[in-house]
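Only one structure is covered here, and it is reproduced in the block below.
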Amino acid sequence: MSARQILVVEDERPIRDMIAFGLRRAGYVVLEAEDCREARTIIADARPDLLLVDWMLPDMSGLELTRQLKKDRDTRDLPIIMLTARAEEHDKVTGLEGGADDYLTKPFSPRELLARIQAVLRRTAPAGEGEVVQQELLSLDTAGHRVMAGNATVALGPTEYRLLAFFMTHAERVYSRSQLLDRVWGGNVYVEERTIDVHIRRLRKALADHAVEHYVQTVRGAGYRFSTRPV
Ligand code: CA
């Protein structure tokens, strides 16, 4: 496998240099952008594997850039880690709801940054056919279209399976009902948003048989999230 490309979007040169140095030493190919406009160009040309986006950028906020990329069909699966200053820490939830896959507060150590990058790349890798995705007690077998809880099969209808498979391959991120409709049902189908709540309920019921219904979490005013971490 060729080296992974990471795009660092940060206008402060010393911070960008420091991040780039650590990433290059760890074997990543590093691309650099000073603002969102430059980032968009590089993303279109080079198709990086992951983005590090600073919150404060000269032309547009990193949050707005993240929102735009996550709305665009071509870039929505591009993993994004948001970098913030300590004062903005309370904005964490907003950042994750904007679609960022993780966030890191400055100052952070190179080791911490590398650990987050590896975790996000692992978590967001598209599940190939025949691959098994493990999320704590659950394992998703994409070839067998089956989800196991330990040694027991989780009894799921086809829609609940698709929903859970999507959740398990997109863990920790919050999805609104309309995003779930788009991603799990497909954009063309006419389904009412409250239909999703029905399937979420069925999914939780199936997971409750294995005492893991808490993995499917409701995020008030935002949507749903799959997480094996406590709420
Ligand atoms: Ca900045």
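Read the numbers this way: they start at 1 and go in the same order the structure lists the ligands and their atoms. Atoms considered below: every heavy atom in the structure, side chains included; atoms not considered: hydrogens, waters and symmetry mates.
- Across all their heavy atoms, Asp11 and Arg16 have their closest contact at O-NH1, 4.1 Å.
- As for Asp11, its N/O/S atom nearest the Ca ion (ligand 1) is the one called OD1.
- With respect to Asp77 and Arg183, a salt bridge is recorded, a charged nitrogen being found less than 4.0 Å from a carboxylate O.
- Rounded to 10 degrees, the OE1-metal-OD2 angle spanning Glu10 and Asp54 at the Ca ion (ligand 1) equals 80°.
- Atom CG in Leu207 sits 4.5 Å away from atom CG in Leu203 (nearest 0.5 Å).
- When distances from the Ca ion (ligand 1) to the N, O or S atoms of Glu12 are compared, OE2 comes out shortest.
- Both Leu164 and Phe166 are assigned to one and the same hydrophobic cluster, defined by single-linkage of ILVMFWY side chains at heavy-atom distances under 4.5 Å.
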